[in-house]
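Data first, discussion second: the structure below is written as structure tokens.
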Amino acid sequence: MCTLHFPVQMQSDIRTALHVAFSSIGSLSPFRRSTLTLPPRCLRPAASLGLLSRPFSTSASLPDKPSICTADELHYVSLPNSHWRLALWRYHPPPQATPRNHPLLLLSGVGTNAIGYDLSPESSFARYMSGQGFDTWILEVRGAGLSVQGSNFKEIKESANAVSEQMEAVAKGVTNGMSPVQQPNNVSDTLSDSEISHFGQDSIGIATAWDESKLVSKLTEILMRLSERLSGFLSDGQSRLISAKLFDQISNLLEGSQLSDRFEEVRANLSNLLEKQQNSGITSQIRDLSQRLVNIIEEGQRSVSPQFIDMQERLSSTIEDFQKQLDLIVKYDWDFDHYLEEDVPAAMEYIRAHTKPKDGKLLAVGHSMGGILLYAKLARCGFEGREPELKAVVTLASSLDYTSSSSTLKLLLPLADPALALNVPVVPLGAMLAAAYPLSSRPPYVLAWLNNLISAEDMMHPELLKKLVLNNFCTIPAKLLLQLTSAFRERGLCDRSGKFFFKDHLHKSNVPVLAIAGDQDLICPPEAVEETVKLLPRNLVTYKIFGEHQGPHYAHYDLVGGRLAVEQVYPCIIQFLSQHDD
């Protein structure tokens with residue numbers, strides 16, 4: 001039944017506890033040498049890549065499908081000018097199902113993978129849709145699930161299997177009472193012992209010429225990467241901020257010494273060079289100044305003052321930690337616009353090529369950020385006068401503007417501060433939820449309220465909720481969160497330039513939309529959904545809220561995998577899609 005209700009008031013203790021949880025992310029800063037690491041991902045460097053023309057299929061002829069994948073087939077689609085291979089889970093309609101004219105694309109929420117759409121045979125949105133005749137595909141965007149980097153078919157298979165095994169190991173470890181925190185493949189130490197040698201072999205710790213050369217090279221490399229602004233990740237202001245962070249770390253080593261003034265002179269010159277455009281002359285100057293900086297440290301090292309003992313070792317450690325932070329920023333170098341402009345179009349083109357709908361259009365369902373992507377695509381195409389190539393769209397718990405709601409996602413707003421975002425390049429959501437799961441599901445249920453953000457009381461079987469928490473969530477780049485936080489400001493979500501506001505152009509869409517909200521969704525409350533719904537042409541939008549005053553209630557994920565969704569939500573979606581598929 002579709003009824004209109006508003007979510008319950010968010011409890012203050014939930015807000016406080018969430019704030020504490022997200023504050024704890026600061027422990028991931030490389031400068032703290034924390035042992036907490038990221039959830040399983042496989043980011044392997046690759047050589048020059050060509051398009052991967054054939055799918056990695058999981059049909060009977062290829063029985064070595066990654067065990068975590070429960071689809072009929074697993075395909076991989078290449079991204080132009082990228083090493084990423086995006087995973088597409090495919091579900092074939094059974095022969096007896098009603099024939100359909102358009103394939104169906106499913107898009108997941110931020111930091112989630114395909115598992116949320118296919119938790120079990122009894123709770124599978126994807127299986128239900130394919131059972132109704134729709135050739136169903138789930139896209140895992142870059143950094144999510146089984147999407148990997150690889151240069152050839154063998155690498156892709158090996159990477160996908162490694163990710164699958166790690167995901168299952170995390171779930172098994174938590175079940176057996178072990179910590180889910182482990183060292184992943186993609187955040188191993190970026191500097192080997194041969195690259196940065198350890199100093200302090202004698203009583204005064206004077207480095208050899210070879211050690212000094214290595215230290216100069218590494219410092220020069222870091223400063224050069226900052227000068228190039230990390231391949232576009234950093235704005236000018238952010239580049240200044242993060243270089244200042246490095247200089248502050250070094251300045252602390254010299255605090256109170258007669259060398260401090262000489263360092264400040266070098267610092268000023270380096271900062272000036274980092275502001276200029278990259279060229280060979282600047283490269284040489286940066287290296288010279290890096291040499292001077294190391295010489296200053298070495299001179300202090302030669303002094304008899306205890307303050308300078310092991311100074312080069314501490315400088316080496318500072319540079320190494322800083323290098324790790326830069327590597328994290330570069331490895332997780334994508335945002336919402338990358339999904340919108342590259343991942344989704346590549347997946348749609350691939351699906352069209354394999355299903356060949358007569359009008360070239362797809363049906364699409366998006367949950368949470370998946371729905372935001374669909375809204376953004378409609379707005380962008382409307383503005384540019386392009387055909388979005390979508391026959392009809394269903395959004396579940398999605399909005400372009402959260403300013404009027406009490407969404408718990410407002411607690412992410414501190415990450416809009418560039419200083420914090422650069423200090424915490426990624427948010428390991430999967431590892432955090434896996435670590436918190438025992439406290440939310442076992443006495444004394446200290447973090448039981450976390451479950452309410454995902455599912456309302458009695459709406460999910462405990463084992464399915466456990467699988468969702470332990471297997472469905474991934475690591476989120478701070479760069480992505482930075483852009484998404486614009487949805488909590490005036491005019492709503494904008495592109496990375498900050499000049500294009502998607503909601504301003506949504507009224508130009510010509511695609512039918514079914515927008516669905518849950519009555520107890522604390523992440524995307526009904527009032528947030530309504531903010532976007534009212535912008536669509538009235539003759540093209542249908543708005544439904546699920547939940548009853550006396551229950552059952554629907555939280556954020558219940559619209560996809562709640563125990564009553566198959567009886568109440570799915571038929572509503574099928575009716576809408578069928579109407580526009582004909």
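Hydrogens, waters and symmetry mates play no part in the numbers below; they use all other heavy atoms, side chains included.
Here the rule is salt bridge (charged side-chain N to carboxylate O under 4.0 Å, His left out) with Glu389, and of Arg352, Lys377, Lys361 only Arg352 fits it. With Arg142 as the partner, the side-chain hydrogen bond (donor to acceptor under 3.5 Å, both in side chains) test is satisfied by one option alone out of His83, Gln149, His338, Glu342: Glu342.
Although no hydrogens or angles enter the test, the distance criterion places a donor-acceptor pair under 3.5 Å between the side chain of Asp495 and the main chain of Phe500. Judged by distance alone, with hydrogens and angles left aside, the side-chain atoms of Ser159 form no donor-acceptor pair with the main-chain N or O of Ile156 at under 3.5 Å. Under a 3.5 Å cut-off, the side chain of Asn101 and the backbone N or O of Asp581 do form a donor-acceptor pair. In terms of modelled atom types and a separation under 3.5 Å, the side chain of His102 and the main chain of Pro357 share no donor-acceptor contact.
Note that OG of Ser123 and CG of Leu465 are 11.0 Å apart. Values are rounded to the nearest 0.5 Å. Expressed to the nearest 0.5 Å, how far CG of Leu396 lies from SG of Cys524 amounts to 10.0 Å. Interatomic distance, CG of Asp335 versus CG of Leu340, reported as 10.0 Å (0.5 Å rounding). Here Cys494 contributes atom SG and Phe501 contributes atom CZ; the two are 5.0 Å apart, rounded to the nearest 0.5 Å.
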Inset, instruction - Apply salt bridge (charged side-chain N to carboxylate O under 4.0 Å, His left out) to the pair Arg100 and Asp582, showing each step before the final yes or no. - result: CA-CA 8 Å; Arg100 305 292 183 175; Asp582 292 338; 5.1 Å; no
Inset, instruction - For the pair Ser368 and Ser398, evaluate side chain to side chain donor-acceptor pair (under 3.5 Å) and give the outcome as yes or no after the intermediate values. - result: CA-CA 5 Å; Ser368 195; Ser398 305; 5.7 Å; no
Legend entry - Test side chain to side chain donor-acceptor pair (under 3.5 Å) applied to Glu531 and Ser405, step by step: CA-CA 9 Å; Glu531 280 297 315; Ser405 74; over 6 Å; no
Inset, instruction - Go through the steps to decide whether His92 and Asp72 satisfy the test side chain to side chain donor-acceptor pair (under 3.5 Å), and finish with yes or no. - result: CA-CA 7 Å; His92 287 287; Asp72 297 327; 5.6 Å; no
Inset, instruction - May I have the step-by-step check of side chain to side chain donor-acceptor pair (under 3.5 Å) for Thr403 and Asp401, ending in yes or no? - result: CA-CA 6 Å; Thr403 54; Asp401 187 349; 2.6 Å; yes
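Using a 4.5 Å heavy-atom cutoff, the side chains of Lys466 and Val469 are not in contact. Looking at Phe134 and Pro93, their side chains never come closer than 4.5 Å, going by heavy atoms from C-beta outward. Within the 4.5 Å cutoff, the side chain of Leu106 has no heavy atoms near those of the Leu139 side chain. No side-chain heavy atom of Val393 sits less than 4.5 Å from a side-chain heavy atom of Leu514. Put simply, the side chain of Thr395 does not reach to within 4.5 Å of the side chain of Ile516, judged on heavy atoms.
Contact record, His507 with Asp504: CE1-O, 3.1 Å, taken as the closest heavy-atom pair. Among all heavy-atom pairs drawn from Ser147 and Leu86, the shortest one is OG-CA, 3.4 Å.
A cation-pi arrangement is not found for Arg85 relative to Tyr76, the charged atom failing to lie both closer than 6.0 Å to the ring centre and inside a 45° cone about the ring normal.
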Could you go through residues 111-119 and list every donor-acceptor pair under 3.5 Å that involves a side-chain atom there, pairing it with any protein atom two or more places apart or in another chain?
residue, atom, partner, partner atom, Å
Thr112, OG1, Gly109, N, 3.0
Thr112, OG1, Gly109, O, 2.7
Asn113, OD1, Ile115, N, 3.0
Asn113, ND2, Asn471, O, 2.7
Tyr117, OH, Leu107, O, 2.7
Tyr117, OH, His367, N, 3.3
Asp118, OD1, Ser124, OG, 2.7
Asp118, OD2, Thr70, OG1, 2.5
Asp118, OD2, Tyr91, OH, 2.8

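Taking the charged nitrogens against the carboxylate oxygens, Lys479 and Asp333 do have a contact shorter than 4.0 Å, which makes a salt bridge. Using a cutoff of 4.0 Å between basic side-chain nitrogens and carboxylate oxygens, Lys65 and Glu73 are not scored as salt-bridged. A salt bridge links Asp135 with Arg90: at least one charged nitrogen is closer than 4.0 Å to a carboxylate oxygen.
In this structure, Trp137 has its ring center closer than 6.0 angstrom to the ring center of His75. Annotation: Phe502 is not in aromatic contact with Phe383 [ring centroid separation under 6.0 Å not met].
The number of heavy atoms from other shown groups lying within 6.0 Å of CD (Gln575) does not exceed 12. Summarising the local packing, CD of Gln96 is surrounded by more than 12 heavy atoms from other residues, nucleotides or ligands at distances under 6.0 Å. Within a 6.0 Å sphere centred on CG of Asp359, other residues, nucleotides and ligands contribute more than 12 heavy atoms. Few gaps surround CZ on Arg386; more than 12 heavy atoms of other groups in view lie less than 6.0 Å from it.
In this structure Tyr554 satisfies the ring pair (Phe, Tyr, Trp, His ring centres under 6.0 Å) test together with Phe546, sequence neighbours excluded.
For Glu457 and Asn452, the side-chain atoms include no donor-acceptor pair closer than 3.5 Å.
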